[in-house]
Amino acid sequence: MLGCTAMPVPPQLRYTRAMRMVSKYDFERAFKTGGRARGRSVSLIAAPNGLEGTRLGLSVGKACWKGAVERNRVRRVFREAFRLSYAALPKGCDLILMPATPKLKPDLALVRAELEELAAKAWSKRRTPRPAEAARPTKETP
RNA sequence: CGAGUGGCCCAGGCGACCGCUGCGAAGCCCUCACCGGCUUCGGAGAGGAACGUCCGGACUCCACGGGUCAGGAUGGUUGCUAACGGCAACCGGCCGCGAGGCUAGGGAAAGUGCCACAGAAAACAAACCGCCGCGUUCGCGCGGUAAGGGUGAAACGGUGCGGUAAGAGCGCACCGCAGCCACGGUGACGGGGCUGGCAGGGCAAACCCCAUCCGGAGAAAGGCCAAAUAGGGGGUACUUCGCGGUGAGACCCGCACCCACAGUGCCCCGGGUAGGUCGUUGGAGCCCGCGCGCAAGUGCGGGCCUAGAGAAAUGGUCGCCGCCUCUGGAAACGGAGGGCACAGAAUCCGGCGUACAGGGCCACUCGCAUC
């Protein structure tokens, strides 16, 4: 048939304020305790947030792009990837996304694939604050 | 038609679906209520430079007595403006056949400094080759000269005629220059008349002098609310202390305020951090018309509401069309992948500077052709 090229109609995917990391405190906690993973274009940190859903934080500095236009481009692609892949990400988790290389020209499909893979990887590497030592001989690879 | 000059404008377009941030309306949840949350609908959502942060303001807080100096900025005139280092018109100079363009453009008889290389000589007078006169032992010496050669970015006005031993403003004409006079212009300045035989280089974006202007810090300004935790302080009056400190870069005079530690009296319950909120978008606003003005602008009338984030919204996917590149073809017309600039609001305005694909419009100049 010729229906093979049609885009799959996406379900309702929201991205609301509750799904953002907003406070300085959240960022500091995530940087301190989160598990990290790095891919070709994305580098991410995952940390538990004690909530039902997953939240997103972006850290795109001037080291990546000097101009604001390209910096915004990176942020928007990252955010769109988060929105589209939300269902595939771990729950109850704060994710901080950073560009993995300077002068990154992000591609949405690649970023989505990496995001899903690295989120799972980083989530398993997180340091659980309370009952840490008890059951931790397992390695990160699923 | 070709070449060019000046100015203005646009910043790929249309549609579908999924999202994001304010605003408005309705409904639901929570609540004593406010606040807050959710859903639906409606409507809005980056720029000409939003950029750099180079000037000028608005606004906010701080300071506020005066003098001299210091420091910074500006530099033709007249206007415009809230203001400006901006803009407009005009004047002078330089460039262009022209339309036009460029121009920090006050003072070098107040002082200091600099002027490389070349050249004889670079600022106070001189003379390398010459030219002329006299002398001569024919090597040259003495004197006159600054017209010619040569160097340079620049050499003690330029051209011509007379004059002379050769020459020189030595004399004359014109040009330049300086002084004086009246005229025109608000003015910068202009053109004119008379007089003078020439005064004696340039650089002031070198110091400097002159004239004019200038308090400081900035939205992380600043106002309000205010957890957790720590915790008793804060205000005020007086006493005490001095070549005391601060306001204020130096000094002088004056003034105001402050003074740890300590003592006394009175009054108050507050102060600070995270966080929240206001500031925060309606303004020297934009559009249209008319009047005034050469213009920059300005007055009046009418209409419009036009982004407000805060780890920071303005995005994603797809389709069609436009433009560019490559490519098939004689052409009509196709095909392929890629690209469509510079660049992202952060308190707000007025400018300047810088970046930039492609395209459109208007006026004018020169050349050629035609009528």
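For clarity, every value in this text was computed on a predicted model and none was experimentally measured.
B/C38 is paired with B/G27 under the criterion used here, namely a Watson-Crick or G-U wobble arrangement in which both key atom distances are under 3.5 Å. In a base pair of the Watson-Crick type (N1 to N3 plus N6-O4 or O6-N4) or a G-U wobble (N1-O2 and O6-N3), with each distance short of 3.5 Å, B/A188 is matched with no nucleotide. Across all strands shown, B/U5 forms a Watson-Crick or G-U wobble pair, both distances under 3.5 Å, with B/A363. Pairing of B/A284, defined by two Watson-Crick or G-U wobble distances under 3.5 Å, is not identified with any nucleotide. Figure legend. B/U298 is base-paired to B/G291; pairs are counted as Watson-Crick or G-U wobble with both atom distances under 3.5 Å. Within the shown strands, B/G249 is the pairing partner of B/C69 under the Watson-Crick or G-U definition, both distances less than 3.5 Å. Pair assignment for B/C117 gives none, since no Watson-Crick or G-U wobble pairing has each distance under 3.5 Å. With a cut-off of 3.5 Å on both Watson-Crick or G-U wobble distances, the partner of B/C318 is given as B/G15.
Spacing between atom CH2 of A/W65 and atom C1' of B/A343 amounts to 13 Å, rounded to whole angstrom units. Spacing between atom OH of A/Y86 and atom P of B/G19 amounts to 15 Å, rounded to whole angstrom units. In this structure, CG of A/L56 is placed 13 Å from P of B/C20, rounded to the nearest angstrom. Computed from coordinates, the A/L97 CG to B/A312 C1' distance equals 16 Å when rounded to whole Å. Here the P atom of nucleotide B/A307 and the CG atom of A/N72 are 19 Å apart, to the nearest Å.
Remark: A/R79 is not in phosphate contact with B/C18, judged by side-chain N or O atoms under 4.0 Å from OP1 or OP2. Side-chain N/O atoms of A/R73 include one lying less than 4.0 angstrom from OP1 or OP2 on B/G316. Checking the phosphate oxygens (OP1, OP2) of B/U314, a side-chain nitrogen or oxygen of A/R76 falls inside 4.0 Å. Distances shorter than 4.0 Å separate none of the side-chain N or O atoms of A/R75 from OP1 or OP2 on B/A311.
A donor-acceptor pair under 3.5 Å is formed between the side chain of A/E114 and the backbone N or O of A/S41. A donor-acceptor pair under 3.5 Å is formed between the side chain of A/R38 and the backbone N or O of A/A100.
Classification of B/U5 as anti follows from a glycosidic angle more than 90° from 0. Syn is the conformation of B/G22, whose glycosidic angle sits no further than 90° from 0.
In this structure, A/S59 and A/E80 both approach RNA chain B, and ranking their closest nucleotides by distance from the 5' end singles out A/S59. If A/L58 and A/K66 are placed on RNA chain B by their nearest nucleotide, the residue sitting closer to the 5' end is A/L58.
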Discussion item. side-chain contact (heavy atoms from CB on, under 4.5 Å), that's the test. Do A/V77 and A/R73 meet it? Break it down for me.
Written reply: CA-CA 6 Å; A/V77 171; A/R73 168 111 243 104; 4.1 Å; yes
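Distances were taken from every side-chain heavy atom of A/R83 (C-beta onward) to each of B/A345, B/C18, B/A343; the shortest belongs to B/C18.
Under the 6.0 Å cut-off for aromatic ring centres, A/Y86 and A/F82 qualify, their centroids lying closer than that.
At the heavy-atom level, A/L108 lies under 4.0 Å from the strands shown only through sugar-phosphate atoms.
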